[in-house]
2 protein chains.
Amino acid sequence: MPRYTGTKRAILDATLELAATKGITGTTMDEVAERAGVAKGSLYYNFSSKDRLFEELLQEGVGALADTLLEARAGLHGRAALEALIGALLDGIASNTALAKLMASEIFRTDRTWQRTLFALRHEALAVFAEAIAEARPGSRDNGTCGLMASSVFGAVLMSGLEWLVFDPERHRDEVSAAILDSFSGGLLGD
Amino acid sequence: MPRYTGTKRAILDATLELAATKGITGTTMDEVAERAGVAKGSLYYNFSSKDRLFEELLQEGVGALADTLLEARAGLHGRAALEALIGALLDGIASNTALAKLMASEIFRTDRTWQRTLFALRHEALAVFAEAIAEARPGSRDNGTCGLMASSVFGAVLMSGLEWLVFDPERHRDEVSAAILDSFSGGLLGD
DNA sequence: GTCTATACACCGATAGAC
DNA sequence: GTCTATCGGTGTATAGAC
């Protein structure tokens, strides 16, 4: 995954900030150029189209998230691996809230030109959770069930994380983390 | 019992179907008119603007969801109330997937003219979960924590429900339900 | 590589006939 | 209440100077 610098970096950063609040379709190339401090012509020199610009943005962002999750799980097993993944995802959302908002709003859209790219990356990130779940309870669950449970955990962290950061930023990170862990530790439906 | 009938109903239905795949900003009034089988002028006779059209659409949809959740919880307590809520939300997502996709993509946006309307309705739906959670374990958790856990459950059901309906529709509803309930019953982090 | 200027299609909204 | 026709504004993308 290539890391960009210079003009491309400035354009991608401006694009992400704008898209997080206005959405992708609602973000114009004129606004991106202005925020990035370049002319519109430079946008099209560095990225062949608006679609390609957003495809590269999502590729970089979601790819980095998948890498973060892989690192967080490394060397850990069972319950410890899952707790580390939940914490790492929550921290990832906190440190790149713009990307998280963008992911939440784009992840279930099926009309984009970059649909297949985003689908593969999303699958990659979810697979880290699914594998950790499968390993935690070997033999007792099929792959599909582990995938669903991975979605369940991912959705829980994404939603409560954004709830915190967007609507209730005063709250402390550890409160959010504790509420999520409590939910999945049987605090809601357990015994 | 639909609040609207006739032309307004046709327009709202067409709007929802289009917006579920193309997003709100990506849906044009010309497309809505064509799909609804009316002329564009009729759109503006029945709804004063594009923003108002979508505000009424979300108001109707999310309001109906909140009512469904209230009914599902009625008369139930503790674990049974939470399980009923999870099942009702999953069924609501399945029977109105277009609305669920729209909610997922709009719920964390803060630049819309109808922001306050959607925020209030979202809060209403989440409050049903939060109250059920608070009641299930009285005294042990503050309101904020119950709200976070409500987001957690809501996000888990929304994400795994859409994962099922959008990317893996062959799967049976009860498998999805079982995976969610298992996750929150301690199947992931419990003992 | 980055700029300015512009082509040209599209979209939200309105006016007025029926 | 619904239609057709149209206006003004805006958006993506390109051409060509520097």
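These figures come from a predicted structure and were not determined experimentally. Per chain, numbering begins at 1; letters A, B, ... match sequence-line order.
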Does the pair B:R35/B:E31 count as a salt bridge with the N-to-O cut at 4.0 Å?
-> no

Taking atom P of C:dG12 as reference, at what distance in whole Å does atom CD of B:E34 sit?
-> 14 Å

Are any protein N/O atoms closer than 3.5 Å to N/O atoms in nucleotides 3-6 of chain C? If there are, list each pair with its distance.
unit_1: C:dC3; atom_1: OP2; unit_2: A:A39; atom_2: N; d: 2.5
unit_1: C:dC3; atom_1: OP2; unit_2: A:S42; atom_2: OG; d: 2.7

B:F184 vs A:F184 aromatic rings, parallel, tilted or perpendicular, using cut-offs 30° and 60°?
-> parallel

Of B:L43, B:N46, B:V32, which meets side chain to side chain contact (heavy atoms under 4.5 Å, CB included) against B:V38?
-> B:L43

In whole angstrom, give the distance that lies between atom CG of A:L43 and atom C1' of C:dG1.
-> 13 Å

So, the side chain of A:S105 versus the backbone of A:K101: is there a donor-acceptor pair under 3.5 Å, distance only?
-> yes

Answer with base, sugar-phosphate or nothing: what part of the nucleic acid does B:T25 contact at a heavy-atom distance below 4.0 Å?
-> nothing

B:M29 CE to C:dT14 P, straight-line distance once rounded to whole Å = 10 Å

Might you confirm whether atom CG of A:N143 has over 12 heavy atoms from other residues, nucleotides or ligands at distances under 6.0 Å?
-> no

Least distance between heavy atoms, A:E124 atom then A:A66 atom = OE2-CB, 3.8 Å

Does B:Y44 put a side-chain nitrogen or oxygen below 4.0 Å from OP1 or OP2 of C:dT14?
-> no

Determine, for B:F54 and B:R112, whether the Lys NZ or Arg CZ falls below 6.0 Å from the six-membered ring centre while staying within 45 degrees of the axis.
-> no

Answer yes or no: is there a donor N or O on one side and an acceptor on the other, between the side chain of A:T68 and the main chain of A:A64, under 3.5 Å?
-> yes

Whether over 12 other heavy atoms sit under 6.0 Å from A:K8 NZ = yes

Would you mind reading off the distance between A:I11 atom CD1 and C:dT2 atom C1', rounded to a whole angstrom?
-> 10 Å

Here the distance between atom C1' of C:dC11 and atom CG of B:L53, to the nearest Å, is 15 Å

Rounded to whole Å, the CZ-C1' distance (A:F47 to D:dA13) equals 16 Å

How is A:D30 classified with respect to the nucleic acid when contacts are heavy atoms under 4.0 Å: base, sugar-phosphate, or nothing?
-> base

What protein N or O atoms touch nucleotides 7-10 of chain D N or O atoms at under 3.5 angstrom, if any, and at what distances?
none

Ignoring backbone atoms, establish whether B:T7 has a side-chain N or O less than 4.0 Å from OP1 or OP2 of D:dT2.
-> yes

Whole-Å distance between C:dC11 C1' and B:K22 NZ?
-> 13 Å

Examine D:dG1: is either OP1 or OP2 under 4.0 Å from a nitrogen or oxygen in the side chain of B:Y45? Give yes or no.
-> yes

Take the protein atom NZ of B:K8 and the nucleotide atom P of D:dT2, then report the distance between them rounded to whole Å.
-> 11 Å

